[in-house]
Amino acid sequence: MYFLYFSKDCNRAAEQLKNNPRHKNYLEQVSLRQLEKLFSFLRGYLWGQSLAETMEQIRRETTIDPEEDLNKLDDKELAKRKSIMDELFEKNQKKKDDPNFVYDIEVEFPQDEQLQSCGWDTESADEF
């Protein structure tokens, strides 16, 4: 049943597979994004794409373009981009149990250049 849908919409097929009570115990630790990638690889294979072509297509679909205007996307595409950003955040997040975790990081920023001032911060506190 899932394979009928994934040739068109890998996201829908992944959701159906993950939400199926029959497979729930096996897939509860597998992320939806991982299942989508699996279906994308299968779709690429069935369409006759090489592994390199499929991987490049998946990379384009799972990479956020910082210059892209997210306000112009429809709800489905925006949700997809947000999901990608959430996954990247979780992947890069440092947790208390991580070996490289540092609680209080203090960073000194170089003061080599003359700082630019803005109009709002040049007024004195007495004027308030």
Side-chain angles (χ1 to χ4, degrees):
M1 177 168 132
Y2 310 109
F3 299 105
L4 299 175
Y5 298 113
F6 86 88
S7 62
K8 295 180 182 176
D9 189 359
C10 293
N11 183 25
R12 182 177 171 194
E15 286 176 357
Q16 287 182 348
L17 181 63
K18 186 159 178 85
N19 295 331
N20 187 318
R22 186 172 167 197
H23 306 297
K24 188 172 186 155
N25 291 338
Y26 303 108
L27 298 175
E28 64 186 354
Q29 298 297 322
V30 179
S31 72
L32 188 60
R33 301 278 317 136
Q34 206 170 5
L35 289 173
E36 287 175 20
K37 286 181 184 179
L38 173 67
F39 279 120
S40 295
F41 276 109
L42 291 172
R43 180 183 63 194
Y45 175 78
L46 290 175
W47 286 356
Q49 291 179 331
S50 69
L51 180 60
E53 291 172 330
T54 303
M55 289 179 67
E56 176 60 26
Q57 180 180 357
I58 291 171
R59 187 197 61 76
R60 277 180 288 162
E61 291 174 356
T62 59
T63 304
I64 302 291
D65 179 12
E67 300 299 320
E68 182 179 26
D69 187 0
L70 299 179
N71 291 321
K72 295 181 179 179
L73 298 177
D74 62 5
D75 290 342
K76 183 177 178 182
E77 285 298 315
L78 183 61
K80 185 176 178 182
R81 300 297 194 290
K82 285 183 178 182
S83 171
I84 293 169
M85 287 187 268
D86 288 342
E87 183 178 320
L88 185 60
F89 175 78
E90 290 292 326
K91 180 180 167 186
N92 293 328
Q93 183 181 22
K94 298 278 185 189
K95 298 177 181 145
K96 290 182 180 180
D97 299 338
D98 291 338
N100 297 334
F101 178 79
V102 178
Y103 177 70
D104 189 19
I105 298 176
E106 293 184 19
V107 178
E108 289 288 327
F109 292 99
Q111 298 291 331
D112 297 340
E113 301 176 12
Q114 176 67 26
L115 296 177
Q116 294 179 351
S117 63
C118 297
W120 63 269
D121 64 353
T122 57
E123 299 173 4
S124 67
D126 297 336
E127 295 177 10
F128 291 108

Exercise. Output all residues satisfying side chain to side chain contact (heavy atoms under 4.5 Å, CB included) with D65, sequence neighbours left out; order by chain, then residue number.
Key: E67, E68
Self-check item: CD-CG distance between E87 and L32, expressed to the nearest 0.5 angstrom
Solution: 9.5 Å
Quiz item: Can you tell me if T63 uses its side chain to pair, donor with acceptor, with the backbone of R59 under 3.5 Å?
Solution: yes
Exercise. Examine distances only and state if a side-chain atom of N19 and a backbone atom of E15 form a donor-acceptor pair shorter than 3.5 Å.
Key: yes
Quiz item: Any link between I64 and L70 through a network of hydrophobic side chains (Ile, Leu, Val, Met, Phe, Trp, Tyr) touching at under 4.5 Å?
Solution: yes
Practice problem: Look up atom CG in D86 and atom CD in Q93, then write down how far apart they are to the nearest 0.5 Å. | Solution: 11.0 Å
Self-check item: K76: side chain to side chain contact (heavy atoms under 4.5 Å, CB included) partners, not counting sequence neighbours
Solution: D9, D74
Quiz item: Between the side chains of E61 and Q57, does any donor sit under 3.5 Å from an acceptor?
Solution: yes
Exercise. Could you grab the distance from atom CG of N100 to atom NZ of K94, nearest 0.5 Å is fine?
Key: 4.5 Å
Practice problem: Any chance you could measure S40, atom OG, to L35, atom CG, to the nearest 0.5 Å? | Solution: 10.5 Å
Practice problem: Search all heavy atoms of Q49 against all heavy atoms of E53 and return the closest pair with its distance. | Solution: CA-OE1, 3.3 Å
Self-check item: Side chain proximity check, W47 to T54, heavy atoms < 4.5 angstrom
Solution: no
Practice problem: State, with a plain yes or no, whether a side-chain heavy atom of I84 is found less than 4.5 Å away from one of R33. | Solution: yes
Quiz prompt | D69: side chain to side chain contact (heavy atoms under 4.5 Å, CB included) partners, not counting sequence neighbours | solution = N71, K72
Quiz item: Is the count of non-hydrogen atoms from other residues, nucleotides or ligands lying under 6.0 Å from F101 atom CZ greater than 12?
Solution: yes
Practice problem: Please check if atom CD in E28 has more than 12 non-hydrogen atoms from other residues, nucleotides or ligands closer than 6.0 Å. | Solution: yes
Exercise. Look at the side chain of D98 and the backbone N and O of K95, then say whether any donor-acceptor pair between them is shorter than 3.5 Å.
Key: yes
Quiz item: Could you give the distance from CD (Q34) to NZ (K18), rounded to the nearest 0.5 Å?
Solution: 9.0 Å
Quiz item: How long is the span from the CE atom in M55 to the CD1 atom in I58, to the nearest 0.5 Å?
Solution: 7.5 Å
Quiz prompt | Steps toward side-chain contact (heavy atoms from CB on, under 4.5 Å) verdict (L51, F41) | solution = CA-CA 8 Å; L51 180 60; F41 276 109; 3.7 Å; yes
Exercise. With L17 as reference, evaluate R22, R12, H23, K24 under the side chain to side chain contact (heavy atoms under 4.5 Å, CB included) test and give the passing residue.
Key: H23
